Each structure stands twice: as C-alpha cells, then as structure tokens.
Amino acid sequence: MGQKEFFFQEMDSIKIGYRSGGTQLDSIDASFIGQLTLRPGAGFGQLYENNLAENTFLSPAGLAYISSEKRVTPKFSGLPYLGFQYAFGSYLTQNLNVEYHQFLNPNTHFHFRYNRRTSNGFLRNGDYTLNDLDFKFYHAKNRFTTHFEGYYAAHDIAQNGGIASDSLLKDFAIEFTPVIKDQSRSKVRKLDLKWDNYLRMVGDSAIGSGFKTKHQFKIRGREFVEQLLDLSAVDTFFIDTNGTTRDQYQTAKFSNGAGVYFNSPHFKVDATVNYQYWRNQNLGVNRDTNEVYLHSNLWTSLGARLSLKNEFYFNLIGATGEIKNYSNLNFKMLRNLTIKGKLNFENLYPTPFQRFHTSNYYQWKIDDLEMQQKLQAGGALKFGDTAFIEASVLWTSINNGRYFIDEQWRQDTLDLVSMGALQLKGGFQLGQWSFYPTATLRFNSANFNYQPVFSTMNRISFQTKLFEAQKLGIALGADVGFQSGYNVMEYNGVLGVMQLPSNPLKTESLLRLNAFMALSIDEFRFFLKAENISSFINDPETRIDTNYPIMPFLIRAGITWDFFN
C-alpha cells in the first residue's frame with residue numbers, strides 16, 4: 001500500500017483466484033481481442049467514432065489515428081503472477097497479451113506487459129503488426145526510492161487507401177475487392193523512458209520530505225513509403241516526381257528536473273522544475289527548441305474510501321503559457337457503491353508535426369502559432385460487484401482546435417466543438433443465466449456530428465459445469481446489438497490522421513450479432529467466437545469510412561492461462 005500511494009500509481013490487488021482480464025468465463029473473449037474494423041491496423045481494435053469523446057482528447061495532433069497505448073497496470077500479488085492470453089482466427093488474425101508481476105520483497109517489485117496484434121489483413125495490402133511493450137520497476141530502501149518505466153511500440157501497417165470499388169462485395173469474398181493502393185506502408189516507432197528518484201532528508205518512511213529528480217527521454221517517429229503505379233492519382237509532387245515516396249519524421253524529447261516532495265499517510269505532493277530539449281527531424285531538416293516547465297503530482301485521501309489525484313504542468317520558457325492539469329477522484333461511498341470522476345484540461349501549442357512538415361504530397365509551415373484548449377469531464381457511478389449496474393458520462397470540448405480539412409491544417413474553421421457520451425451498463429444473474437446489457441447515448445455540437453447517436457450491445461450467456469467431477473466449466477452465449485447511422489470521418493494513410501470529409505457521408509444503421517462458447521479447467525480457459533454474423537444480414541456495401549466498408553464474418557479461437565508462483 002505504501003508503494004502504491006508514494007508513486008501515485010493505480011494498483012490492483014489480486015488473489016490466487018484471479019483470471020486473466022479480471023473477467024468471468026463468459027466474458028474472456030471481450031477482455032483483449034477488441035472490435036476490429038477494415039481501417040488499417042484493424043482500427044487498433046475500435047471504431048474511432050464510437051469513442052470520439054475519449055479519442056479527441058488523447059489525440060496529440062489533431063485527430064491522430066494512433067492515440068491509445070497498451071501500458072501495464074501494476075498488480076499486487078503475494079506470489080509471482082504470469083497471465084497469458086492468445087487468440088487466432090480468420091485471415092491469420094492473432095492477438096497476444098502477456099503480463100508478469102512479481103514482488104521480490106515489499107519494497108522491490110516489477111511489472112511487465114507485452115501486447116501484440118497481427119493479421120494478413122482483410123483487404124488486399126491490409127496486413128499489420130502492432131507491438132506494445134511496457135516495463136515498470138520500483139525499489140525503496142532506507143532513504144532512497146526509485147521508479148523506472150520503459151515503453152516501446154512498433155507498428156508496421158499496410159496502407160491500402162480503402163476499396164476502389166464495391167461492385168464485388170455482394171457476390172465475392174472481401175479479399176477479391178480491389179483496393180486503391182497496392183504498395184503503400186507506414187511504420188511507427190515510439191520509445192518512452194521515465195526515471196523518478198526520491199531522497200528523503202527529514203522524517204521516516206511514513207512521514208517525511210526530501211528531494212526528487214525527474215528524467216525522461218521520449219521519441220516518436222513515422223515513415224510512409226509508396227510506389228505509385230498510376231501517377232495521375234496525385235495532383236502535386238513536392239519531392240519525387242516519378243511516384244517513389246518515402247516520407248519520414250521523428251520528434252525526440254529529453255528532459256531533466258529536480259524539486260522537493262512531502263510524504264504522509266494521507267497527503268503526498270511533489271514539485272519539480274524541469275529543463276526540456278526537443279528536436280524534430282523531417283527528411284533531414286532539423287528544428288529544435290529549449291523549454292523550462294513546472295511539474296507536480298498531488299495525492300490525498302480521507303480514510304480508505306476517498307482518494308484524489310492531480311497532475312499539473314506549466315511551461316515557463318519555450319512554449320510559455322502551456323498548461324496541462326489532470327484530476328481524478330475515487331470515492332467508495334458504500335461497500336458496493338463507488339463513484340469515480342475526472343476533470344482534465346489542456347492549453348497547448350500545435351505539435352511539431354502540425355507546425356511544419358515536408359512530404360511528397362503535402363508540405364506546410366505555420367509561423368503564427370495559436371494554442372488550442374481541451375476540456376474533458378467524466379464520471380461513473382457503479383453499484384454492485386459481480387451483479388452490478390453502472391452509469392457513466394464523458395464530455396470533451398475543444399476550442400480553437402487544429403484539424404486536417406481540405407488537404408491542409410486549419411485552425412480557423414471550427415471555433416468550439418464538443419462531444420460526449422452517456423452510457424448505462426450492467427451485469428445480472430438469474431440462476432445459470434447471465435445478462436450484460438449496455439446502451440450508449442451520444443451527444444455533440446452541430447458542427448462536429450461524427451458519431452452514432454445511439455448504440456447498444458447486449459450479451460446473454462448460459463453457464464454450467466459438465467461431468468460428475470464438475471471440473472469442466474462451459475459458457476454459451478450471444479451478443480445482440482444495434483448502432484444508429486452517423487456521419488463518418490475519413491482516414492488519411494499518408495499522414496496517419498483522421499480528417500473531416502469535404503462531402504459528408506452518412507452510414508446506415510447496423511445490426512450486430514456474435515456468438516461464442518467458452519470452456520475452463522481451473523486456470524486454463526478456452527473460447528471460440530463467431531464475430532460479425534450480422535454481416536450476412538447487413539448490406540456489405542455499408543461504409544464505416546468513405547473508403548472502408550463493414551467487417552466480414554470472422555471466427556476466432558483463444559486461450560487464457562494464469563500461473564501463480
């Protein structure tokens with residue numbers, strides 16, 4: 001508990017009965033394989049417009065396509081724990097998720113997660129390989145405490161540009177449908193190293209204060225390569241007029257800081273002054289900046305039921321006036337009643353990628369930089385545990401945002417946009433039957449109508465034990481859902497961003513239907529899932545993007561296996 005509070009980390013506490021994903025047998029498939037789409041990289045396991053309020057706030061540059069990162073959440077366990085999840089299916093789709101947690105002693109522990117997603121692709125030139133690796137190490141001894149985290153991501157994605165025609169979709173398998181680009185690919189690399197140190201000068205392990213140092217190295221890079229067979233497909237070439245394209249950029253940041261901290265059982269705070277140097281390299285052209293900023297963390301609690309965390313950033317030199325503040329509240333009002341809330345705010349200049357960029361098809365340089373403001377508020381109320389009902393709301397507002405519109409970055413088109421979602425979900429048991437209903441109602445300002453107003457997904461399952469020994473558990477069930485029509489966004493594979501279409505396209509309402517079976521013997525669990533059965537009912541020409549239709553029928557099988565000690 002002391003380690004958890006001191007480092008301001010969320011930490012689960014698991015027992016020997018814990019199973020990968022923290023779910024019941026009838027939900028193991030939903031815990032890690034995601035909802036695939038036909039956009040490149042399978043949409044990173046989600047439909048972007050279904051999570052618009054979350055994605056727009058996480059997006060580091062306009063409507064960045066890659067926004068979430070698979071990080072490890074530390075888990076406290078008395079025994080070393082290894083969780084293994086693996087699924088494979090049609091089109092050589094594979095999902096792997098491995099977690100390892102070990103406490104060498106109460107003051108030294110480490111946590112590891114590796115997540116991998118691959119496929120040959122559902123369309124031509126649609127293969128992808130997505131890797132996320134995260135490692136955290138904690139150590140405390142006498143007056144010195146250290147925390148190190150290393151995160152690495154490698155994403156290799158074919159960029160087919162979507163389908164060239166939908167004339168074959170009703171009569172042939174989707175892999176026969178021609179695509180716009182046969183020889184386009186992108187690579188994304190991310191590295192994030194963090195190292196925090198605490199030196200206690202006054203007090204003991206319970207109450208004390210001292211000095212803190214903060215260090216970080218962060219690099220983000222993307223490469224897009226393409227060989228055009230039809231040069232008439234592009235109006236303007238800035239570099240290679242023969243249609244050979246290699247667009248590349250990366251931004252590296254290095255920061256060091258020092259400050260003070262105070263630590264007590266119910267209140268902890270630290271504050272550092274940091275120097276940061278960043279450099280953007282774009283096709284051999286380097287631009288750099290020196291910055292100085294303040295950073296602080298605060299954690300407070302009232303007993304074991306109420307906790308509040310806050311992280312603050314303010315730029316003094318280099319990007320003067322930039323502010324970030326993230327607040328989270330967790331209140332366990334009763335034994336089975338929990339309230340959570342968050343309030344996040346950002347006032348930031350455009351990223352280096354948005355300020356200047358040179359590529360074969362695009363180039364820009366923005367001299368007059370204007371900040372954009374993001375405000376996000378959310379909360380959830382949950383009653384119950386295994387059987388539960390939960391209501392949550394999330395709202396995001398962006399003022400003076402910079403978006404890619406009409407083939408250029410625009411900050412003068414949409415002054416204030418807002419979007420949000422209200423969700424109700426639950427879990428109920430009636431004998432051997434279980435019901436998991438979910439309904440989401442979304443709202444937005446009239447100038448940013450790019451999400452379905454209503455969607456619902458409802459799981460019905462039946463569980464029992466087989467044979468006399470009652471060791472083999474089985475769950476059978478189905479997902480039945482509906483999604484209303486909405487205005488789609490467009491994916492730009494050259495830049496790796498979502499863009500607002502010049503001519504809005506509204507997709508039709510969709511039915512959703514899946515079926516599954518799951519088996520378990522102690523720590524070993526197996527599932528078989530038939531996804532998108534509804535593709536035989538829905539019109540296959542229905543789009544989720546201007547150039548991407550709905551997913552075809554897919555079968556996936558998978559296992560989860562948990563090892564203690």
Side-chain angles (χ1 to χ4, degrees), residues 36-45 48 61-67 91-93 117-131 153-166 168-169 174-190 220-250 282-284 353 357-364 404 406-409 488-499 501-502 543-549 551-552:
L36 305 185
T37 75
L38 288 183
R39 282 180 177 144
F44 284 79
Y48 194 96
L63 299 168
Y65 184 57
I66 303 173
S67 53
Y91 306 94
L92 290 183
T93 301
R117 294 144 287 169
T118 66
S119 175
N120 275 5
F122 316 105
L123 295 170
R124 298 181 185 181
N125 191 37
D127 60 290
Y128 62 87
T129 300
L130 312 174
N131 294 283
H155 303 147
D156 298 314
I157 307 171
Q159 302 286 348
N160 53 42
I163 60 175
S165 168
D166 57 12
L168 302 180
L169 289 175
I174 198 168
E175 53 264 35
F176 290 100
T177 297
V179 295
I180 297 174
K181 299 179 179 182
D182 291 315
Q183 301 184 47
S184 302
R185 305 190 65 83
S186 68
K187 294 182 179 181
V188 174
R189 297 292 184 266
K190 300 181 182 181
R220 299 286 188 272
R222 185 177 189 267
E223 178 187 69
F224 173 81
V225 295
E226 180 173 74
Q227 177 62 56
L228 286 180
L229 303 179
D230 180 11
L231 300 183
S232 64
V234 176
D235 297 328
T236 304
F237 294 94
F238 290 104
I239 302 174
D240 299 307
T241 57
N242 62 358
T244 301
T245 298
R246 181 187 175 272
D247 300 335
Q248 175 269 339
Y249 73 91
Q250 69 176 24
N282 174 210
L283 292 180
F353 170 67
H357 185 69
T358 299
S359 64
N360 204 20
Y361 311 142
Y362 303 103
Q363 65 178 16
W364 61 80
F404 199 73
D406 295 331
E407 303 298 295
Q408 60 181 318
W409 288 104
V488 302
M489 290 185 176
E490 286 182 340
Y491 171 69
N492 186 321
V494 177
L495 300 178
V497 299
M498 303 296 293
Q499 62 186 24
S502 302
R543 307 295 179 94
I544 62 154
D545 187 296
T546 306
N547 296 317
Y548 295 94
M551 275 287 293

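This is a predicted model, so every value here is computed, not measured. The basis for the numbers below is simple: all heavy atoms, side chains too, and nothing from hydrogens, waters or symmetry mates.
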Margin query: Main chain of Pro40, side chain of Tyr65: is a donor-acceptor contact present, judged purely on distance under 3.5 Å?
Written below: yes
Note to self: Using side chain to side chain contact (heavy atoms under 4.5 Å, CB included), reason through Asn547 and Asn160 one step at a time and then give a plain yes or no.
What the structure shows: CA-CA 10 Å; Asn547 296 317; Asn160 53 42; over 6 Å; no
Notebook entry, point to check: At their closest point, which heavy atom of Pro178 faces which heavy atom of Leu168, and how far apart are they?
Noted result: CD-CD1, 4.1 Å
Next item on the list: For a ring-ring contact (aromatic ring centres under 6.0 Å, His included) with His357, tell me which candidate from Trp409, Phe238, Phe224, Trp364 qualifies.
Entry: Trp364
Next item on the list: Answer yes or no: is there a side-chain heavy-atom contact under 4.5 Å between Lys181 and Val494?
Entry: yes
Checklist line | Spatial distance of atom OH (Tyr361) from atom OG1 (Thr236) [nearest 0.5 Å] | finding: 11.5 Å
Checklist line | Rounded distance [0.5 Å steps], CD in Gln159 versus CG in Asn125 | finding: 8.5 Å
Checklist line | Separation between CD1 of Ile163 and CG of Leu38, rounded to the nearest 0.5 Å | finding: 8.5 Å
Margin query: Taking side-chain hydrogen bond (donor to acceptor under 3.5 Å, both in side chains) as the criterion, tell me which of Lys187, Arg189, Arg246, Arg185 meets it with Glu223.
Written below: Arg246
Next item on the list: Apply salt bridge (charged side-chain N to carboxylate O under 4.0 Å, His left out) to Glu175 and list each qualifying residue two or more places apart in sequence or on a separate chain.
Entry: none
Item checked: OG1 on Thr37 to CG on Asp545, rounded to 0.5 Å -> 8.5 Å
Next item on the list: Quick one: closest heavy-atom pair of Pro549 and Ile174, and the distance?
Entry: CG-CD1, 4.2 Å
Next item on the list: Would you check if there is a donor-acceptor pair between the side chains of Thr177 and Asp166 at a distance under 3.5 Å?
Entry: no
Checklist line | Partners passing side-chain hydrogen bond (donor to acceptor under 3.5 Å, both in side chains) against Glu407 (at least two apart in sequence or in another chain) | finding: Tyr362
Notebook entry, point to check: Are Asp156 and Asp127 side-chain neighbours, meaning at least one heavy-atom pair lies under 4.5 Å?
Noted result: no
Check: Would you call Arg222 and Phe353 a side-chain contact if the rule is heavy atoms closer than 4.5 Å?
Finding: no
Next item on the list: Only one of Thr244, Thr245, Asp182 passes side-chain hydrogen bond (donor to acceptor under 3.5 Å, both in side chains) with Gln227; say which it is.
Entry: Thr244
Next item on the list: Apply side chain to side chain contact (heavy atoms under 4.5 Å, CB included) to the pair Thr546 and Val488, showing each step before the final yes or no.
Entry: CA-CA 7 Å; Thr546 306; Val488 302; 4.2 Å; yes
Checklist line | Heavy-atom closest contact (Phe404 atom, Val497 atom, distance) | finding: CB-CG2, 4.4 Å
Notebook entry, point to check: Is the backbone N or O of Gly243 less than 3.5 Å from a side-chain atom of Asn360, with the two atoms forming a donor-acceptor pair by type?
Noted result: no
Next item on the list: Supply the atom-to-atom distance Gln248 CD to Asn282 CG, rounded to the nearest 0.5 angstrom.
Entry: 7.0 Å
Item checked: Spatial distance of atom OH (Tyr91) from atom CG (Asn120) [nearest 0.5 Å] -> 11.0 Å
Note to self: For a side chain to side chain contact (heavy atoms under 4.5 Å, CB included) check, start with the C-alpha distance between Phe44 and His155, then their side-chain angles and the critical distance, and finish with the verdict.
What the structure shows: CA-CA 10 Å; Phe44 284 79; His155 303 147; 4.0 Å; yes
